[in-house]
Structure formats: structure tokens, C-alpha cells
Amino acid sequence: MSTNSNFSFIHTSDIHLGSNQYRNDYRANDFIRVFQEILNLGIIHHVDFILLGGDVFTSLEVLPENLTKIVEILKYFKSTTKESIPLIAIEGNHDIRKYSRGTRVNHGQSWLKFLASLGLIILLDANINDPPEQMFPKYDFTLKKGGKIRVKSAMIYGTRYLGQNPEEYLLKIRDAIKVDDGLFHILIQHFGIQGQMENVPGIEFQKVQILKDRVDYLALGHFHLQFTLDDWIYNPGSSEATCSVDFSYKRGIFLVNVLSMNKYVKRVYPIVLRNRNFIWKTIYFNKQFKDKEKLNRFIVQKLKNSLKNLRTDLEPSDPKVPILFLSLKGIKPAKSIKIDEKYLSKILSETLPLVEVRIYQKFKNPLKTIDKFF
Ligand SMILES: [Mn+2]
């Protein structure tokens, strides 16, 4: 092997394009902007390809203006890089999901298939029920279909999301991956590994071991929390926060350099993306509010004080302008006052340099509060 068989790539996953989080246009655009950032990182680091480990889209429900933006970004990327950085993807469970809420799926269609048909991405999938020799046909650029593709000395295999119990396919996949071809084997899969996220089911680590002698780099997606295991299993996490817990997770992408000497030596560098800022604040009510206007003024005043150091010179499209997660605690306001979260959130984001405000009412049980007074 000569030195020119060295190569590098980016591994990203769970981009959730099309997400219209909080029905906030700035927020919807964050997911697209971070995708653009990943593509730019690919250019800056001169990578040979970019892997997308599924959940590239959040559902089939994507607004036309967002899809148009995504297609434009991909066309521009393709032309400026002179097609030198292929984007190699698989479908995750969200890519085939009908709606952003609920789990109904529509088999057969996806926006990834659409992008592949335009020649903007390479979508890998295996004939999972065929015998091992036929399972991973070479990617055909005319049919725009295939289960594996070679870039430099990397052979990249991929299948779509294999459902809740992908264990049953692992032995077949292993048998379908060529041994002794002298290439660096990457397998892209959309599943999690048990124990890496609390209370989230995944495959047992022991069961994945079956792939170890055939796969040099298992490129995972699915879990939004980043993890690496045993120097060959990698999960970058979601590229933007798809829900409030995601914000606290370690997430990002991996930049991987592979040197071929007598054997392959890989270096994996996690990169943190420029995500939307966020702040958590708690406001305690020490008395019971009976007037809605007073309550609103109290909240605005409290936040004006505690957020006075926020920059006011930025456009809300700038990811430095934060989302505020506000929890309201203490004595529950009088029954006659129903806190209008939508209205309150609107006046707060108009008064303060915030892109979005999410309100969580965590008041004490009023009965218990009364108990305490007696
Ligand atoms: Mn996901």
C-alpha cells in the first residue's frame, strides 16, 4: 500500500433536516445551517467523502421552502467541490416517517431517494434478504442504487434502518462483507447500543462484536448522544438538538484520518458544531398572583435583570442568540389566571434578545400549599 491510499472522511448523523421545531422559522433554519457547516468542514479538511448515518430528514413532512434550500445547498456543494466529496447516506427511521409526530411510516419513499435520483447524494441499501454474495451490489451511478461503494482504499457498506431488532441480520451482513480485499471496511448502520443511553433500547454490545473481524469502522446513527466503543464503533450524535434533552448531550461529528501503512491506522477527531445557544432559568413565585398583567410584568422584569448581559446587537438568525427554557416554580397563580404560554413566550422574545422561549410550569400542588398554611 502506498501513501496515496491515505484518506479522510467526516461521519455525521441525525441531522433531522426539515425539523420545524417550536414552529419557529429561525429554529427550522438552524438544522439546515448546521448541515451547511458540516459540508463546509468537509471542504476545509479536504475529506474524501462524508457519511450520513440516517435521520438526515426528520420526516417526509418537509416544507417546500426548506427542501428548496437543501437542494440548492447540495447543488452548490457538488459544483464547488467538482463532485470530489461524495455524500454517502443510509435511511434512518425518521427518513421514512410520514409525519414529524407519531411513528407511521411510508415504505418505499423518502427525500433521500429523491436526492439520490437527482445525483446529489449516494444512498446505500442492501438486498437484505438475498444470499450474502448478492446482498451488497456495487453502487450503480445509472440506476442510482447499490449497497456498497469504494472511495480510495475505503469500501463503504450500508443498509437502511433495519427495524427494532437488527440483530437477526448482523450475521448475514458479516458474511456479505468481503474478507482479504485489502480495503478499509466501513459499515453504516442506524441503531443504538444498549447501555449508552439510559432507558433507550439498543443492540447488546456483545451481539455487535460479531462484525468486528470484518468492519474497521462501524458508522452509527440513531442515538443522539455521542459515544465511541472499543476503537471501532462510532456514533457522533445529532448535529442539532432535536428536543430539549438533546441540548445537554455531548454531540457533534467525527473527522477521521486513515493512514495505510503495513496496516490501516485511524485517527478520530470529534468536532463540536456551532449549535444554537440555550439558557435555563427558573423563576420562583413567592406569593400567589391573582392578576395576569402583574404576573406577566413580574416575569419580564425578573428576566430583564437576569439576562441583562445578553448581546442585543445580533440578528435572531445568529445561533449565538439563545433559546430560553424557563421553568416557573413556587406558588401556583390563582385559578382565574391561566398562563398563556404562547403569548408570554411571544412578548419575552420581543422584549429580550431571545430567539425562542419555552415555558415549563412546575408549580407546587395547590392543595399541598394550602395544607402548609393551615
Ligand atoms: Mn434521530
Side-chain angles (χ1 to χ4, degrees), residues 10-22 27-38 50-62 66-67 70 87-107 109-113 115 121 123-125 158-166 187-203 208 218-229 233-254 270-273 275-276 278:
I10 277 175
H11 171 201
T12 176
S13 185
D14 297 85
I15 303 164
H16 286 264
L17 294 171
S19 172
N20 204 7
Q21 201 176 50
Y22 315 137
R27 193 58 194 140
N29 205 51
D30 286 347
F31 290 82
I32 300 174
R33 195 199 51 249
V34 91
F35 180 51
Q36 213 166 359
E37 185 187 342
I38 295 164
I50 296 177
L51 305 177
L52 310 170
D55 284 6
V56 180
F57 286 88
T58 205
S59 74
L60 299 181
E61 219 180 21
V62 178
N66 289 335
L67 189 68
I70 294 159
L87 304 174
I88 302 164
I90 59 161
E91 286 172 350
N93 53 318
H94 276 262
D95 292 298
I96 54 168
R97 209 155 106 161
K98 240 180 170 169
Y99 307 110
S100 44
R101 281 165 195 274
T103 53
R104 258 189 86 186
V105 299
N106 188 349
H107 288 288
Q109 295 174 10
S110 75
W111 291 119
L112 289 178
K113 285 201 181 81
L115 295 178
I121 65 160
L123 182 61
L124 296 181
D125 193 13
T159 76
R160 64 167 183 265
Y161 172 66
L162 294 172
Q164 307 265 36
N165 301 302
L187 173 66
I188 321 176
Q189 286 291 290
H190 195 77
F191 62 71
I193 300 205
Q194 215 172 72
Q196 293 304 309
M197 277 180 82
E198 243 175 85
N199 303 321
V200 186
I203 301 192
V208 185
L218 179 60
L220 293 180
H222 196 43
F223 280 10
H224 289 188
L225 174 72
Q226 185 171 101
F227 65 86
T228 68
L229 281 169
I233 302 172
Y234 296 88
N235 185 78
S238 56
S239 46
E240 245 299 345
T242 64
C243 58
S244 61
V245 283
D246 270 23
F247 280 94
S248 61
Y249 291 159
K250 184 184 178 190
R251 298 176 293 102
I253 60 170
F254 294 122
I271 297 179
V272 176
L273 299 165
N275 277 180
R276 177 65 65 176
F278 66 98

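Owing to the predicted nature of the structure, the values given are computational and were not obtained by experimental measurement. Ligands are counted one by one from 1 in listed order, and the atoms in each one are counted from 1 as well.
Considering just the N/O/S atoms of His224, the one nearest the Mn ion (ligand 1) carries the name NE2. Taking the Mn ion (ligand 1) as reference, Asp55 places its N/O/S atom OD2 nearest.
The two atoms that bring Arg251 and Asp246 nearest to each other are NE-O, 2.8 Å, heavy atoms only. Across Leu17 and Phe31, no two heavy atoms sit closer than the pair CD2-O, 3.6 Å.
You'll find the side chain of Leu220 reaches within 4.5 Å of the side chain of Phe191, heavy atoms only.
Geometry at the Mn ion (ligand 1): NE2/His16 and OD2/Asp14 form an angle of 110°, nearest 10 degrees.
The closest donor-acceptor contact from the side chain of Trp111 to the backbone of Leu60 lies under 3.5 Å.
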